[in-house]
Amino acid sequence: QVQLVESGGGLVQSGGSLRLSCAASGRTFSTDTMGWFRQAPGKEREFVAAITWSGAGTDYADSVKGRFTASRDNVKNTVYLQMNSLKPEDTAIYYCARHFAYYSGSFSREKDDYDYWGQGTQVTVSS
């Protein structure tokens, strides 16, 4: 059974940092582009970041660019999201997923182009 499990969320003060992890089991994702999304209460799930299988290519939403960094360890079959300078508006449930519709150099920010979603991890940033 294929599973993605996110962890690392929690409560942090504005300006603080967290590192999220997304661990895969059941199959290897080492050749897949992976993405991070988030969903705040009452809002649509939105794109946050994506990273190619090698880690050489990344894409970020404008709202997190310069503050968040995606990385991965293919040996551990794990993807990470380092989040710095957190703001209250970053409060959401964060999900990782496989970007199955990725083509060379062309990231999608549409959630329909992603599958194998994890259960999410809650990030709460207090002001």
Side-chain angles (χ1 to χ4, degrees):
Q1 182 180 356
V2 177
Q3 266 195 315
L4 294 176
V5 179
E6 300 94 338
S7 61
L11 174 63
V12 63
Q13 288 189 330
S14 181
S17 298
L18 284 173
R19 189 176 83 152
L20 306 183
S21 298
C22 171
S25 63
R27 74 182 289 277
T28 180
F29 288 87
S30 61
T31 59
D32 290 311
T33 294
M34 301 295 289
W36 288 94
F37 282 72
R38 66 186 182 187
Q39 188 165 16
K43 294 189 175 181
E44 292 288 318
R45 191 170 299 191
E46 65 174 4
F47 172 83
V48 175
I51 183 168
T52 58
W53 72 272
S54 67
T58 54
D59 186 32
Y60 297 96
D62 289 346
S63 59
V64 306
K65 198 172 294 183
R67 300 187 298 121
F68 290 13
T69 303
S71 62
R72 64 193 298 161
D73 183 334
N74 288 334
V75 173
K76 295 182 178 180
N77 219 15
T78 301
V79 180
Y80 305 97
L81 185 67
Q82 177 66 44
M83 306 187 297
N84 298 328
S85 302
L86 283 161
K87 306 174 181 180
E89 51 263 44
D90 294 319
T91 295
I93 299 174
Y94 284 71
Y95 301 89
C96 66
R98 182 186 68 148
H99 186 353
F100 70 87
Y102 174 79
Y103 298 98
S104 180
S106 179
F107 292 99
S108 169
R109 300 181 175 188
E110 299 297 324
K111 57 182 184 295
D112 289 344
D113 290 330
Y114 292 76
D115 63 5
Y116 293 123
W117 293 88
Q119 86 292 343
T121 185
Q122 175 71 49
V123 171
T124 303
V125 184
S126 63
S127 56

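Worth saying up front: this structure is predicted, and the values here are computed from it rather than measured.
F68 and Y95 end up in different hydrophobic clusters when Ile, Leu, Val, Met, Phe, Trp and Tyr side chains are linked at under 4.5 Å. Hydrophobic cluster membership is shared by V12 and V64, with clusters built from Ile, Leu, Val, Met, Phe, Trp and Tyr side chains linked at under 4.5 angstrom.
Proximity of R98 to V2: side-chain heavy atoms (C-beta onward) are nowhere separated by under 4.5 Å. Taking the side chain as every heavy atom from C-beta outward, D59 and F47 approach each other to under 4.5 Å. Side-chain contact between Q39 and K111: absent, with no pair of heavy atoms (C-beta onward) separated by less than 4.5 Å.
Taking CG from L18 and CG from N84, the interatomic distance works out to 9.5 Å, rounded to the nearest 0.5 Å. Atom OG1 of T28 is separated from atom CG of N77 by 4.5 Å, given to the nearest 0.5 angstrom. A distance of 5.0 Å separates SG of C22 from CD of E6, quoted to the nearest 0.5 Å. One distance of note links CG of L81 with CZ of R38; it measures 9.5 Å at 0.5 Å rounding. Note that CH2 of W36 and CG of L20 are 5.0 Å apart. Values are rounded to the nearest 0.5 Å. I51 CD1 to M34 CE: the interatomic distance, rounded to the nearest 0.5 Å, is 10.0 Å.
The cationic group of R19 lies under 6.0 Å from the six-membered ring centre of Y80 and within 45° of the ring axis, placing it in a cation-pi geometry.
A distance-only check finds a donor-acceptor pair linking the side chain of R67 to the backbone of S85 [under 3.5 Å]. In this structure a side-chain-to-backbone donor-acceptor pair under 3.5 Å is missing from R72 to T33. D73 places a side-chain N or O within 3.5 Å of a backbone atom of V75 that can act as its donor or acceptor partner. Side chain of R109 to backbone of E46: no donor-acceptor contact under 3.5 angstrom is found.
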Intermediate values then yes/no, side-chain contact (heavy atoms from CB on, under 4.5 Å), Y116 and F29: CA-CA 10 Å; Y116 293 123; F29 288 87; 3.8 Å; yes
Intermediate values then yes/no, side-chain contact (heavy atoms from CB on, under 4.5 Å), Q122 and T91: CA-CA 8 Å; Q122 175 71 49; T91 295; 4.1 Å; yes
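Closest approach of M83 to V123, counting heavy atoms only: CE-CG2, 3.8 Å. Between S108 and D113, the shortest heavy-atom contact is OG-OD2, 2.6 Å. Closest heavy-atom contact between A24 and L4: CB-CD2, 3.5 Å. Residue I93 comes nearest to G120 through the heavy atom pair CG2-CA, 3.8 Å, listed as atom of the first residue, atom of the second, then distance. Closest approach of P88 and S127 over heavy atoms only: CG-CB, 3.8 Å. Residues G8 and T121 come closest through the heavy atom pair N-OG1, 4.1 Å.
A salt bridge links D62 with K65: at least one charged nitrogen is closer than 4.0 Å to a carboxylate oxygen.
Ring geometry for F107 versus H99: interplanar angle of 30 to 60°, hence tilted. Ring geometry for F37 versus Y114: interplanar angle over 60°, hence perpendicular rather than tilted (30 to 60°).
Around atom CD of Q119, more than 12 heavy atoms belonging to other residues, nucleotides or ligands sit under 6.0 Å away. For CH2 of W53, the number of neighbouring non-hydrogen atoms (other residues, nucleotides, ligands) closer than 6.0 Å is 12 at most. Within 6.0 Å of the NZ atom in K76, the count of heavy atoms belonging to other residues, nucleotides or ligands does not exceed 12.
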